[in-house]
Amino acid sequence: MSLYGVLRSGVSGMNAQSNKLGTVAENIQNSSTTGYKRASTEFSSLILPSSEGNYNSGSVTSRVRYTIADQGPIAYTTSASDLAISGNGFFVVTDPSGSPYLTRAGNFVKDGRTGNLVNAYGFTLMGYKLGAGAVNPSLNSLDGVEPVNMSSFAMQASGSTKGSFKGNLPDGEPVIAPPATVSKQSSLQVYDKVGNPIKIDIALTKTSATEWTIAVSNGTSSEPLVPATPSMVLKFDGDGQLDVPSSVLSFTIPGGETFDLDMAGMTQLAGEYNVTGEANGNAPSAVKDVEFASDGTVYAVYEDGTRVGAYRIPLANVSSPDNLSPRAGNVYETTAASGGYQVGFPEMSGFGSIASGALEGSNVDIGTELTAMIEAQTSYTANSKVFQTGSELLDVLMNLKR
C-alpha cells in the first residue's frame, strides 16, 4: 500500500465519522421536535483488490437512515386540535402549493385567514368531507381529500323525521266513544325544516276492551296536521302486547318533513298510564366546539348538544416507512423504495388510532446520542492520527532525498 493510500483511508474515515457527528447533532437539536424521527449513520466498507505482499487499503462510505416507523412518546396537551397517532399511519397534509406529504406532526391549529387546520410547519390537514352517505376512499389514491376547514361549521337546524312513543296504557281504563273526549293525551315537540318548534298532541282513546285509537294534531295552532288528524288503531292481544301489522304512524309536519312515529313499545297492562316519547331534529344552533374521535371523525358540537360528523381524517401508510424521503417541516415523500400510498381510516386493520389533545414527541434518546457522539469523536480522532502518521512518513520519505 502506498503512503498516499494511507492518507486517503484516513480522510475517508474522518468524512464518515463527521457524517455520524452530523446526524447526532441533528438528533440532539430535534430531541424536542414534534413527530421528529431519529437519524442514524450506517457504514459500509469499500474493499480494493490486493495482491500478496501489496495491500491496497479501501475506504468507508456512510448512509443516513431514519427510524420513521418507530413510535415516539405521546404526551397530552391542553389543545383539542393537537392530534397524535398511536400505531401505524401518517396524517395526509399539503403544502401551500397543494402538494401532498405525510407527517406524524399533529400540532394543528385553525388558520385565521382560511379556517383550515394547519400544523406548526404550515402544512394543511386533509380529510374527507362527510355527506349523506358513507365515505369510501380509494386504497391507493388521495383523490377526494380536501382541507379540514373549521369555518365550514355554520349554524344549522334540522327538521324532525322520526320519533318514538312507547309505554303502558291502563287495562282498566273505561271504553268511551271518540271524538267527544279522549282517554289520555300527551305531547311531543318536533321541528320544521328551518328549526321552528312545533308541539304535536297525541290523543289516545280506548274504543274497546283491546283497542285504542290514536289521533295526532298540531297543538300549537289548534289546526289539524296534514293529512287531517291521522289516526291509528292499537290492538292488544290477551297478554297486553301490541298486535298490529305495523306500529308506525306517519304524518307530515307543517313546514317540515314526513314524520314516522314508532309505537312498537306500547302495552296494555293493569298499571298506570306511563309513556315516554322522543323525536329527532333541533332548533337553529351555533357551533360551540369541535371534537376529534379516535376513528378520525371530526364532529361539530352545537350549542344544543348535538354532534354532527363533518369530516373524517384518513391515515396513509407505505410498505417501507423507513425508506420515505424526509423533507423540511417533519414531512415525508414517497420513494420507489418506500412504496406507494395505502389509504385507510384510523382503527381499521393496519392503521393506528388518533388521540385528541396529545402529540407524538421525538423518538430521540439524548443518552444514546451522547454515547454515539463520544464514539464518533474517538473514531474521528483515530482516523486523524492515521492521516497524521501517513503525512509524517511522507515527510521522512521526502527527507531521504535531501
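Model, not experiment: these values are computed from the prediction.
Counting heavy atoms from C-beta outward, Ser183 and Thr205 have side chains that approach closer than 4.5 Å. For the pair Glu375/Thr371, a side-chain contact is recorded, criterion being any heavy-atom separation below 4.5 Å from C-beta on. Side-chain atoms of Phe345 and Asp295, non-hydrogen and from C-beta on, never get closer than 4.5 Å to each other. Here the side chains of Met126 and Pro147 are in contact, with some heavy-atom distance below 4.5 Å. You'll find the side chain of Thr77 stays beyond 4.5 Å of the side chain of Asn107, heavy atoms only. Taking the side chain as every heavy atom from C-beta outward, Phe43 and Asn19 never approach each other to under 4.5 Å. The shortest distance between side-chain heavy atoms of Val290 and Tyr311 does not fall below 4.5 Å. The closest side-chain heavy-atom distance from Pro346 to Phe351 is not below 4.5 Å.
When all heavy atoms are compared, the tightest approach of Leu188 to Ser164 is CD1-O, 4.3 Å. In terms of heavy-atom proximity, Asn317 sits nearest to Gly89 at ND2-N, 4.0 Å. Closest of all the heavy-atom pairs between Val92 and Ala316 is CG2-CB, 3.8 Å. When all heavy atoms of Thr252 and Thr258 are compared, the pair lying nearest together is OG1-OG1, 4.0 Å. Minimum interatomic distance between Gln185 and Val182 (heavy atoms only, all atoms of both residues): OE1-CG2, 4.2 Å. Closest non-hydrogen pair, Ile68 versus Asp322, comes out as N-OD1, 2.9 Å.
If you take OG on Ser325 and CG on Leu102, they are separated by 11.0 Å, rounding to the nearest 0.5 Å. Taking CZ of Phe165 as the start and CG of Leu249 as the end, the distance is 11.0 Å to the nearest 0.5 Å. Interatomic distance, Glu369 CD to Asn30 CG, rounded to the nearest 0.5 Å: 10.5 Å. Summarising the geometry, atom CD belonging to Glu42 is positioned 8.5 Å from atom CZ belonging to Arg63; distances are rounded to the nearest 0.5 Å. Rounding to the nearest 0.5 Å places OG1 of Thr297 at 13.5 Å from OH of Tyr128. Note that the CD atom of Gln189 and the OG atom of Ser160 stand 8.5 Å from one another [nearest 0.5 Å].
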I'd like to know whether Tyr380 forms a side-chain contact (heavy atoms from CB on, under 4.5 Å) with Ser18, so could you lay out the CA-CA distance, the side-chain angles of the two residues, the decisive distance to 0.1 Å, and finally the verdict.
CA-CA 7 Å; Tyr380 187 95; Ser18 65; 4.2 Å; yes
Pair Glu26, Tyr36 - check side chain to side chain donor-acceptor pair (under 3.5 Å), show working.
CA-CA 10 Å; Glu26 179 182 311; Tyr36 176 79; 2.8 Å; yes
Stepwise ring-ring contact (aromatic ring centres under 6.0 Å, His included) check, Phe91 with Phe123:
CA-CA 10 Å; Phe91 296 114; Phe123 291 88; over 10 Å; no
Step-by-step side chain to side chain donor-acceptor pair (under 3.5 Å) determination, Ser247 to Asp262
CA-CA 6 Å; Ser247 61; Asp262 189 0; 3.1 Å; yes
Apply side-chain contact (heavy atoms from CB on, under 4.5 Å) to the pair Tyr341 and Asn140, showing each step before the final yes or no.
CA-CA 5 Å; Tyr341 297 116; Asn140 58 347; 5.9 Å; no
Run the numbers on Leu394 and Tyr4 for side-chain contact (heavy atoms from CB on, under 4.5 Å), then give the verdict.
CA-CA 8 Å; Leu394 275 177; Tyr4 282 108; 4.3 Å; yes
Passes side-chain contact (heavy atoms from CB on, under 4.5 Å), Leu324 versus Thr334? Steps please.
CA-CA 5 Å; Leu324 287 169; Thr334 58; 4.1 Å; yes
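Checked by atom type and distance alone, the side chain of Ser57 pairs as donor or acceptor with a backbone atom of Gly5 at under 3.5 Å. Within the 3.5 Å criterion, the main-chain N or O of Asn116 finds no donor-acceptor partner in the side chain of Asp111. Counting only distance, with no hydrogens or angles, the side chain of Asn56 and the backbone of Pro49 share a donor-acceptor pair below 3.5 Å. A distance-only check finds no donor-acceptor pair linking the side chain of Lys20 to the backbone of Ala376 [under 3.5 Å]. Between the side chain of Asp365 and the backbone N or O of Thr368 there is at least one donor-acceptor pair closer than 3.5 Å. Side-chain atoms of Glu347 never come within 3.5 Å of backbone atoms of Gly296 as a donor-acceptor pair (strictly under, hydrogens ignored). Put simply, the side chain of Ser9 never gets that close to the backbone of Val6: no donor and acceptor are under 3.5 Å apart. Asn363 places a side-chain N or O within donor-acceptor distance of the main-chain N or O of Arg38, the cut-off being under 3.5 Å. Ser45 places no side-chain N or O within 3.5 Å of a backbone atom of Gly58 that could act as its donor or acceptor partner. Panel note: side chain Ser12, backbone Arg8; no donor-acceptor pair is recorded below 3.5 Å.
At a threshold of 4.0 Å, the pair Glu360-Arg104 counts as salt-bridged, since one of the basic side-chain nitrogens sits closer than that to a carboxylate oxygen. Between Glu272 and Lys184, no side-chain nitrogen of the basic residue sits less than 4.0 Å from a carboxylate oxygen of the acidic one, so the salt-bridge criterion is not met.
Classification of the Phe251-Phe259 ring pair by plane angle, with boundaries at 30° and 60°, yields tilted.
Atom CD of Glu278 has 12 or fewer heavy atoms from other residues, nucleotides or ligands within 6.0 Å. For Tyr273, the OH atom sits in a packed shell: over 12 heavy atoms of surrounding residues, nucleotides or ligands are nearer than 6.0 Å.
Just one of Thr103, Ile313, Asn119, Asn149 meets the side-chain contact (heavy atoms from CB on, under 4.5 Å) condition when paired with Leu125; it is Ile313.
Within the cation-pi definition used here (under 6.0 Å to the ring centroid, within 45° of the axis), Arg327 does not qualify as a partner of Tyr101.
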